[in-house]
K.L.:
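Next up is a structure, given as structure tokens.
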Amino acid sequence: TCTRAAPKTTQRDSVSALSAKWRAEKGIDSDLARDRATKPIHPIQVIRAMRDAMADDDVLVCDSGFNQIWGSQYFEVRTSGRCYLGPRGFGVMGYGTPAAISRALATPEQQVVCLTGDGGFAMVIQELETATRSGANLTIVVMNNSNMQFIKDNQRILFEGRYISTDFSELDYAEIARAFGCRGIRVEISGELDAAFAEARASSKPTVIDVRIDDEATPERTSLQVFK
């Protein structure tokens, strides 16, 4: 005998319910994501504020590293089309900023948000001049933890915490952005995120939101399977 496949509507409803449960417990609808008094800021709070601020057809471009995992795992894409771009599996730090500038210039009718870590952003920070000169309509969100957390976490797991070349001095990327002619916004507590994104969306200039995040925050190494 052959078993008839479940109707697509039933499958879709099951996946939707599973996704909603995950968002409520671990994702952008969780208590942690909605907390407005966290300092330093947890990355899930950045994703929550970003998703709340962005229109459904806005574009998210992620860099390489934990920022991409936070973005791809927790950011909810709500429309069809190329509204999420990321260098999946290639490990190309520094991809996000120039890719976001290119997308902003190619589709000026859409608002573009780049999510990057401070390590990848620092590799291509000179491209802020390009963004300013070309009038690119974009916001760059820098998850600033003064280290290369993805590499550091692998050093912790694989080399018993023998860290090398993963920590560096803290920089004020909002101040640097202003020196390039961009709008620069520094955020140090989660309750300031919504206002920062609103200011960025209203800006006529490329905007850098420098978010001081928790140094040790890492994404959940889990699967939706555990919520069944």
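Along the sequence shown, residues are numbered consecutively beginning with 1. Predicted model, so just to flag it, every value in this text is computed and none were measured.
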K.L.:
Passes salt bridge (charged side-chain N to carboxylate O under 4.0 Å, His left out), Asp58 versus Arg201? Steps please.
P.N.:
CA-CA 11 Å; Asp58 287 350; Arg201 289 187 68 85; 2.6 Å; yes
K.L.:
Minimum heavy-atom separation for Tyr74 to Lys26, with atom names?
P.N.:
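Nearest pair, atom of Tyr74 first, then Lys26: CE2-O, 3.2 Å.
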K.L.:
Is any side-chain heavy atom of Leu115 closer than 4.5 Å to one of Ile47?
P.N.:
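Yes; the side chains approach each other to less than 4.5 Å.
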K.L.:
Run Val141 and Thr139 through side chain to side chain contact (heavy atoms under 4.5 Å, CB included) and show every step you take.
P.N.:
CA-CA 6 Å; Val141 183; Thr139 299; 4.2 Å; yes
K.L.:
How long is the straight-line distance from CZ of Arg178 back to OG1 of Thr207, given to the nearest 0.5 Å?
P.N.:
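That separation rounds to 11.0 Å.
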K.L.:
Specify the closest pair of heavy atoms between Gln45 and Leu193, including all atoms of both residues, with the distance to one decimal.
P.N.:
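Residues Gln45 and Leu193, closest heavy atoms: O-CD1, 3.5 Å.
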K.L.:
Any heavy-atom pair between the side chains of Val59 and Arg82 that's under 4.5 Å?
P.N.:
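No. Closest side-chain heavy atoms not under 4.5 Å.
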K.L.:
Minimum heavy-atom separation for Ala136 and Pro206, please, with both atom names.
P.N.:
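Of all heavy-atom pairs spanning Ala136 and Pro206, the closest is O-CG, 3.4 Å.
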K.L.:
Tell me yes or no: between the side chains of Arg103 and Gln110, is some donor less than 3.5 Å from an acceptor?
P.N.:
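Yes.
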K.L.:
Could you check whether any side-chain heavy atom of Asn144 comes within less than 4.5 Å of a side-chain heavy atom of Val211, counting everything from C-beta outward?
P.N.:
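No, too far: nothing below the 4.5 Å cut-off.
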K.L.:
As an exercise, state the distance from CG of Asp52 to CZ of Arg34, rounded to the nearest 0.5 Å.
P.N.:
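So the CG of Asp52 and the CZ of Arg34 are separated by 4.5 Å.
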K.L.:
CG of Asn137 to CD of Gln111: how many Å apart, nearest 0.5 Å?
P.N.:
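Asn137 atom CG to Gln111 atom CD measures 5.0 Å (nearest 0.5 Å).
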K.L.:
Would you check, one step at a time, whether the test side chain to side chain contact (heavy atoms under 4.5 Å, CB included) holds for Met143 with Asp118?
P.N.:
CA-CA 6 Å; Met143 286 189 172; Asp118 49 344; over 6 Å; no
K.L.:
Side chains of Thr38 and Asp35: any donor to acceptor distance under 3.5 Å?
P.N.:
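Checked: Asp35/Thr38 side chains pair up, N/O donor to acceptor below 3.5 Å.
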K.L.:
Of the non-hydrogen atoms in Tyr84 and Cys62, which two are nearest, and what is the gap between them?
P.N.:
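Taking every non-hydrogen atom into account, CE1-SG, 3.7 Å.
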K.L.:
Working to the nearest 0.5 Å, report the span between OG1 of Thr132 and CZ of Phe180.
P.N.:
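Answer for the OG1-CZ pair, Thr132 versus Phe180, is 8.5 Å.
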K.L.:
Could you tell me if the side chain of Cys182 sits less than 4.5 Å from the side chain of Lys205, heavy atoms only?
P.N.:
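Contact flag for Lys205/Cys182 side chains = no.
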K.L.:
Is Gln126 atom CD crowded by more than 12 heavy atoms from other residues, nucleotides or ligands, each under 6.0 Å away?
P.N.:
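Enclosed.
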K.L.:
Could you tell me which non-hydrogen atom of Ala200 sits nearest to which non-hydrogen atom of Ile209, and how far apart they are?
P.N.:
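Closest approach of Ala200 to Ile209: CB-CD1, 4.0 Å.
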K.L.:
Looking at Ala177 and Leu128, what are the two nearest heavy atoms and their distance?
P.N.:
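For Ala177 versus Leu128, the nearest heavy atoms are CA-CD1, 3.9 Å.
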K.L.:
Quick check: do Arg212 and Asn145 have side-chain heavy atoms less than 4.5 Å from each other?
P.N.:
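Heavy-atom side-chain distance check passes, below 4.5 Å.
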K.L.:
Please determine whether salt bridge (charged side-chain N to carboxylate O under 4.0 Å, His left out) holds for the pair Glu192 and Arg36, giving the CA-CA distance in whole Å, both sets of side-chain angles, and the decisive distance to 0.1 Å.
P.N.:
CA-CA 8 Å; Glu192 300 170 347; Arg36 264 41 175 206; over 6 Å; no
K.L.:
In Å, rounded to the nearest 0.5 Å, how long is the span from OG of Ser16 to NZ of Lys21?
P.N.:
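Output value for this atom pair is 15.0 Å.
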K.L.:
Mind checking whether Asp194 and Arg48 have side chains closer than 4.5 Å, heavy atoms only?
P.N.:
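A side-chain contact under 4.5 Å exists here.
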K.L.:
Judged by atom type as modelled, is there a donor-acceptor pair below 3.5 Å linking the side chain of Arg183 to the main-chain atoms of Val208?
P.N.:
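Flag not set: sc Arg183 to bb Val208 has no pair under 3.5 Å.
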K.L.:
Are any of the side-chain nitrogens in Glu175 or Arg186 under 4.0 Å away from the carboxylate oxygens of its partner?
P.N.:
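Salt bridge absent between Glu175 and Arg186.
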K.L.:
Walk me through whether Asp215 and Lys152 qualify under salt bridge (charged side-chain N to carboxylate O under 4.0 Å, His left out).
P.N.:
CA-CA 11 Å; Asp215 291 354; Lys152 188 174 182 179; over 6 Å; no
K.L.:
Quick one: sort the Phe121 and Tyr173 rings into parallel, tilted or perpendicular, breaks at 30° and 60°.
P.N.:
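Taking Tyr173 first and then Phe121, their aromatic rings stand perpendicular (interplane angle over 60°).
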K.L.:
So, taking the atom named OG in Ser30 and the one named CD in Glu25, what distance separates them when rounded to the nearest 0.5 Å?
P.N.:
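One gets 9.5 Å once the value is rounded to the nearest 0.5 Å.
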K.L.:
Could you give all pairs that pass the side chain to side chain donor-acceptor pair (under 3.5 Å) test and reach residues 61-70, with sequence neighbours left out?
P.N.:
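Every pair satisfying side chain to side chain donor-acceptor pair (under 3.5 Å) with a residue in residues 61-70: there are none.
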